[in-house]
Structure formats: C-alpha cells, structure tokens
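Working notes for the structure below.
All residue numbers refer to positions in the sequence shown, counting from 1. Computed from a prediction, not measured in an experiment: that's the story for all the values here.
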Amino acid sequence: MGEADGRSDQPDEVVVEELTALEGVARRLAEIPPTRTASEIPILRELERLRERLLSGDENKDLSALTEQYHNQSAILHQLRSAGAAVQVDASSPYFAHLRLEEAGRRRDLFLGRTTCLEKGVRIIDWRDAPISKVFYSYRQGEEFDEEISGRERQGSVLARRMVRIRGGVLERVQAPEGDFSLAAGEPCGWRQDAMGTPRLSGGEATALRYDEDESGLARRMGEGRNGEALRADKHLPEITSLIDPSQFDLITRPASGYLVIRGSAGSGKTTVALHRIAYLAFANPRIDSPETLVVVFSRALARYVAHVLPSLGLDGVRITTYCDWVHDERRRHYPHLPARSRDDTPAMVQRIKLHSGLDVALERQVARELGPRSADQAFDDWASVLTQRQLLGEVFAEVAPGQFSDRDLDRFVQWNRRRLEELSSAIAGDDEADGGLDPEDDALLLRAWQRRIGPLLAASRRPLDYRHAVIDEVQDFAPIEVRVLLECLRTESSITLAGDTQQHLMEHSGFTSWTSFFQELGIDGAEIETLRVSYRSSEQVMNFATSLLGDLQEDEKIVTTRTGPPVELFRLTDRGACVAFLSDVLKDLMAQEPLASVAVLTPSARVSDLYFEGLQRAELPRLRRIVDGEFPFKAGIEVTEVTQVKGLEFDYVVVLDVDSVNYPNTPAARRTLHVAATRAVHQLWMMSVGTPSPLVQDVDTR
C-alpha cells in the first residue's frame, strides 16, 4: 500500500506542518510554570448543582434563567483560570486556528484560541480580543491584507489560514484550502483526505415568502424569480391568495360569527388562514377593516410581520398588537394611578399561580362576598385581597386544582405578594426609592378584577370596549384567564379565530395542557378544532427532524410536506471562536453567491447572541444584523438573534448555535424550543455544538 494505489505512506505536507506546530506549542507550554489562583472548588460545585437542575426536568419553567446562571458561572471559572497570567491555556486544546502572515519579508505564525499567551515563544491570541485576529476572520489564504492594528498600519500577505481540531492534546483534523484532513487509524500514514467538499449553504435563495411587487403592482412570490426575473431584497410576506389550498379556503370562508379554532404544525398556514379570513369578512362587512378588529400575536416581530401582510390584502384599519402590549396598555388606562413599570424577577411559581384559572375563581368569590362600590379602587382592592388571602387561595385550589400547588407554594406566593404590595403602596405614596413595579401577570388580573367588579372594559371614549372580530395567534402560549379577559371585550355577534400548535408551546408557566381543558376553562366546551395537515414552509428533511425532536410530545396527525431539500446537519466544534471562523467562511460565500438570501443565526440567549455577533462582525460580512426586541427589517441578510425572537417567522437558511446538553437538555421545554428553531428553516438547517451536543440531536449526521 503506498503511492501506487493512491494512498501515501506519509501525511500531506499541511498535516506535517500542523503536527510540528502543535508539538512545538505543547513543549513550550509545558515549560511555563503554573500560576496559583483562587480555589475553583465552589464554582465547580455551583456548576454541578446548576447542571443537575437543568437535567432533572423539575425546573422547566426557569430553564432560561438557569442556563444563563450556568454560563455566567462558566465565565467566572474561565476568568479565574485566566486571571493573573497569560499562560492559562488548556494544553489539551490550546488553539483552534493557525495563521501564517508575511509582513515586510518577515514570516510569523500565530494561533487563535480562547486565551492569549505570549510567553516562552508561545504565540496564542484570544480570538475575541486581539486586534490581529481580525486578519484571520476577514481575509482568506493568499490574500493581501491592509489593516490598522493597535494604532499602526499593517500590510502583508496571508500565507496560511487553517482550522484545526485538537482534543486531548491530539491533532484530529486540519481544514485548509489544500484539503480537509482527518486522523484515520486505517490509513497507511494515519491520515486521510476527506473527499467531501466544504460544507455549504446553497440553493435556497428566496425560497421563503416575502413581499414584492412587479411593475403592474401585483404581488408575487419571490421564489418565482429564477427565470431571469430580478429578485428584490424586501422580505415581507406577499399576498398569497392564489396559493391557498382547498382546506384553507374552507376555513377562510366559514360563517361570520362564533369560534373558529385552527390547529396545525409549523408552516401549515394557520396565520395565513386567520388573516385571509379577516379580508374575507371585510369584503361583506367593511366595518371589519377598522380598529374594531384586533389581531393579537405572540411577539413584536410577528406583529411587525403581520403589519405588512394586511395592507397587501386590502386591509388598513385593523389593530395589530402583542398580547403583552395590549393588556399593559389597557391596564394603564383603567388604573392610571399605578406604576407603569413591570418587574422582571418574578419567580416561576408565582407566575404559574397568577396565570391559573383558580385566581379567576378567587376573584369571583371575593367580589361576591365583599360588598363595595363598582369602582377602580374597589377592583384594585379585590385584586390585592385575592393575592394575599391565604385561606381563600387554599380553599379555591383545593377545589379546582387539588395537589397542583403545595401548602409551601401558596405560603410563598402570599409572602411574595405582601412584600410587593408594601413596595407598591410606598411608590404610590411618593417614595421614589420604592420598587413599585407590578408582575407582568398582574395586568391581566387587574383587568379581570375590573370585569368582575365593574363590568366591561372601557374604550378611550368611555364606552364599553367591544370588538367585531378578534384573531389570537399562538393561542397555546396564553393562559385561559388572559384569553378570557380579551374574549369578554367582544360583542355577542363577533367572530373569533384562535390559531395554535401545542407542539410550539413555549410559555410553560401559562398552564396550557390540552385543547379540551383550555376550552373548558374558557367556558366554550364543545368548540370544534380544525386541523391543517400540510406543512408548506419547510422541506421534508427539516420537518422530519423537527418532528423527531418532539418524541412523545408529537401530536397524532402525520405532517405532510410538499418538497425535499438538503439534509439537516450537526457540526461539532471545540470552541466558539472556531464556530465563528467556520460560519464566517460559509456565510461570506453564501452572501456572494446568493445576495438575496435570508439567514437566521439563532442562539439560546441575548448574551450568546452578542458574543457571536461581535465575532462575525470581524469577518465584515455583508448585511449582518443583530436583532433585538423583534426589530426585524424583513430584508435579505444575516440576522443574529435568540430562538425566542423568531416564533412565527421564516428564513431561507437557519443555523442554530450552541446546541449542547446544557442549553437543550432532554426536557419538554427544550424539545419544543429546538422544534421552533428548526421549523423556521425553509430550505436548509444546520446546528452547531461547542462541546457535548444535546442528546436531542444524537442521531443527526455529524461533521
């Protein structure tokens, strides 16, 4: 075996260089004496405690907070290990990239890792901080660079730019323009050159729906622009009436009054049907196209998305809002003396109880037994009394939800509310230092107290607030008591469209368990549920993967898809810096080949989004945006944001980052969250993991 059969007895020159480089770095690192630091034991214990809570499944309601705590402790540990010395480099995986530069005839080799070490001849730089790392992310091998670094202009050439994977002190992979080389025991030289091409995102430009108009003013699907038709970068949803299927048309044209409940998987057209139904009803009754019609959605991003759909359907007067914004605005108008600020430290247990229908029962009993005027002050007193009367709460929950909350839960609930009410009273009395914020769940409870004590909510004109038509999208993420507040603002002959998918249920504290129990708590038993079974958004490969994530959470109906696409892939990397480097190359190529593509880079938290966005910025990627608070422009480009920001939206390509066992443990909440992330992809879906991948993706093809 050797040169004659195409298999060399010697590794490629690139591999030999990297083996030699690693040997030299390891030898020099070993010569650097260790630095004494503070004890890591308390931090390691806290990390283990948080890990156990994350994996136990008992803290699903606090998953985001626990994950953030875990990462914060990890950062502290990393800082501790690096403090006081630039030599705290992990010898088992000291760097992930090799950069060779030539400047003024002088060559030098630099290595990118998690920690800077410039001692004993070691030249490892932190990919996040060192200015010279910008050369790695912004230039390719063979290119000339010209950058101002540390106040000095630097010019030269990139002679070598390579990604490496080192684990346990062993070089396992080298990725370079010359080839992709992997450690392979069965090869004569111990290495093989992978025949698989460089991973690419491709072929999906403009497959997501977006708003566009041709010269005649007629909207069309931008994915049809491949026959020489110029594609535009605007990504708003078009008027797609011509794409409605028979089952969707049947739902759109249902009678004008009563409940229409639509259930369907991601991409099945639930929102499309609900919005087209408004247009259909408005054709017969123009007053539907007015603020007397309310569209309530889950997020501000989706609200902005819908705001560009309705005008294309000829609707200009409909009010579009998130539930949080609607209920907060109404609470402030009905209780103007209360502080506007909402708290962000409410315990999950308090949230669950406040959103439970038992609180509505308690309010009903409080109003019945406490004689008082039909006034805002009395309604406020009813609300405060219910939150702090331990005996009443015990009686109600023993009756309506036996065993769901322990005595200790109710005790803690009452204690929390008593402390908050004391602070609120001080703030109302003029104490500027008092923390007078309300829990977000109090908005709905205060309005419900008004409805119980006084009657209908009032519009700005002081007339009863009554809507002709209402659409509630993603209804599974609202508590029955929240929906009840809204439904009681509809006139008797109104039509109501509820759309949802329990498989995308993210708000665990809302208490949604099933459609049947949800309708029972709303008092609309027997409402018929219409199911959409065809998913038009994602390819067969994406939907099969997204469905597999759900496990026993999957609903019975088989999801039908209409097309195929590239396989779903998982990429394992040793470091976030390596992840940024890999993504930078792929996305730069994608934007050059498909300038009108929409890409979502999704992370588990805002802190992680900031980290990756800052890294990708160094690569000078075109149309790179950091999306905060749902401010999507719906234009071509690369958008970095959290999974929680994109529910209801779609993108040509989706890359989900940090798909590890900490962020996505085997829990119902994590399964649903990853399912939502996956089903945003229209054409191609990638997942990337730094460290141990999530158990939810263990069967996915790995690179």
For Met163, is there any backbone N or O sitting under 3.5 Å from a side-chain donor or acceptor partner on Gln175? no

Within a 6.0 Å radius of atom CZ on Arg200, are there more than 12 heavy atoms belonging to other residues, nucleotides or ligands? no

Please check: side-chain N/O of Thr603 versus main-chain N/O of Ser605, any donor-acceptor pairing under 3.5 Å? yes

Can you establish whether the number of heavy atoms outside Glu23 located under 6.0 Å from its atom CD is more than 12? no

Tyr139 and side chain to side chain donor-acceptor pair (under 3.5 Å): which single residue from Glu147, Arg161, Lys134, Glu144 fits? Glu147

Evaluate the side chain to side chain contact (heavy atoms under 4.5 Å, CB included) criterion for residues Arg672 and Leu549: first the C-alpha distance (whole Å), next the side-chain angles of each, then the deciding distance (0.1 Å), finally the verdict. CA-CA 8 Å; Arg672 291 190 181 104; Leu549 291 170; over 6 Å; no

Pro604 versus Val608, closest heavy-atom pair with distance: CD-CG1, 4.2 Å

Which atom of Thr115 lies closest to which atom of Val89, heavy atoms considered: O-CG2, 4.3 Å

Output for pair (Glu631 CD, Gln645 CD), nearest 0.5 Å, gives 9.5 Å

Hey, can you tell me if Phe96 and Trp127 have their rings parallel, tilted or perpendicular (30° and 60° cut-offs)? perpendicular

Is it the case that the side chain of Thr547 and the backbone of Asn544 share a donor-acceptor pair, with hydrogens and angles ignored and the cut-off at 3.5 Å? no

Hey, what do you get for OG (Ser598) to NE2 (His683), rounding to the nearest 0.5 Å? 11.5 Å

Nearest heavy-atom pair of Phe632 and Glu639: which atoms, and what distance? CD2-OE1, 3.4 Å

Parallel, tilted or perpendicular: rings of Phe571 and Trp686 (30°, 60°): tilted

Can you list the steps and then say if Glu18 with Arg162 is a salt bridge (Lys or Arg N to Asp or Glu O under 4.0 Å)? CA-CA 9 Å; Glu18 293 306 322; Arg162 301 165 185 166; 2.7 Å; yes

Find out whether Arg140 and Val158 are in side-chain contact, i.e. whether some heavy atom of one side chain is under 4.5 Å from a heavy atom of the other. no

Report yes if the distance between the aromatic ring centroids of Tyr305 and Phe634 is under 6.0 Å, otherwise no. yes

Donor-acceptor check, side chain of Ser538 to backbone of Ala681, threshold 3.5 angstrom: yes or no? yes

Looking at Leu649, is its backbone amide N or carbonyl O close enough to the side chain of Arg680 to form a donor-acceptor pair, meaning the two atoms are under 3.5 Å apart? yes

For Ser93, is there any backbone N or O sitting under 3.5 Å from a side-chain donor or acceptor partner on Arg165? no

Cationic N near anionic O, under 4.0 Å, Arg108 to Glu103: yes

Enter the distance from Gln684:CD to Ser202:OG here, rounded to the nearest 0.5 Å. 6.0 Å

One should read off an interatomic distance between Gln617 CD and Ser584 OG, to the nearest 0.5 angstrom, of 11.0 Å

Non-hydrogen side-chain atoms of Pro94 and Ile166 separated by less than 4.5 Å: yes

Does the side chain of Gln193 pick up a donor-acceptor pair with the side chain of Glu178 at under 3.5 Å? no

For the student: nearest non-hydrogen atoms of Val25 and Phe111, plus distance: CG2-CE1, 4.0 Å

Check whether any side-chain heavy atom of Arg114 lies under 4.5 Å from a side-chain heavy atom of Asp126, and answer yes or no. no

Within the side chain of Glu205, is there an N or O that forms a donor-acceptor pair under 3.5 Å with the backbone of Leu596? yes

List the steps and the verdict of side chain to side chain contact (heavy atoms under 4.5 Å, CB included) for Leu685 and Val655. CA-CA 6 Å; Leu685 171 66; Val655 180; over 6 Å; no

Distance only, no hydrogens: is a donor on one side chain within 3.5 Å (strictly under) of an acceptor on the other, for Tyr664 and Asp658? no

Compare all side-chain heavy atoms of Ser609 with those of Arg626 and state whether any distance is below 4.5 angstrom. yes

As an exercise, state the distance from CG of Leu657 to CG of Leu611, rounded to the nearest 0.5 Å. 10.0 Å

Any donor-acceptor pair under 3.5 Å from Arg107 side chain to Arg100 backbone: no

Are the side chains of Val640 and Leu616 in contact, using a 4.5 Å heavy-atom criterion? yes

Atom pair OH/CG of Tyr137 and Leu621 - distance to nearest 0.5 Å: 11.5 Å

Heavy atoms, side chains only, cut-off 4.5 Å: are Val656 and Met688 in contact? no

Any side-chain heavy atom of Pro567 sitting closer than 4.5 Å to one from Phe545? no

Verdict with reasoning, Ile125 to Leu112, per side chain to side chain contact (heavy atoms under 4.5 Å, CB included): CA-CA 5 Å; Ile125 57 177; Leu112 271 67; 3.9 Å; yes

Gly204 backbone acceptor or donor facing Thr207 side chain under 3.5 Å: yes

Min side-chain heavy-atom separation Asn663-Val659 under 4.5 Å: no

Is Arg28 paired with Glu119 through a side-chain N to carboxylate O contact shorter than 4.0 Å? no

Can you check side chain to side chain contact (heavy atoms under 4.5 Å, CB included) on Val14 and Phe181, steps first, answer last? CA-CA 9 Å; Val14 170; Phe181 306 94; 4.2 Å; yes

Determine whether a donor-acceptor pair (N or O, by modelled atom type, separation under 3.5 Å) exists between the side chain of Asp660 and the backbone of Ser689. no

What closest approach, in Å, do Phe136 and His98 show between heavy atoms, and which atom pair accounts for it? CE1-O, 4.4 Å

Look at atom CZ of Arg300 and say whether more than 12 heavy atoms of other residues, nucleotides or ligands are closer to it than 6.0 Å. no

I need the minimum non-hydrogen distance between Pro622 and Met591, along with the two atoms involved. CG-CB, 3.6 Å

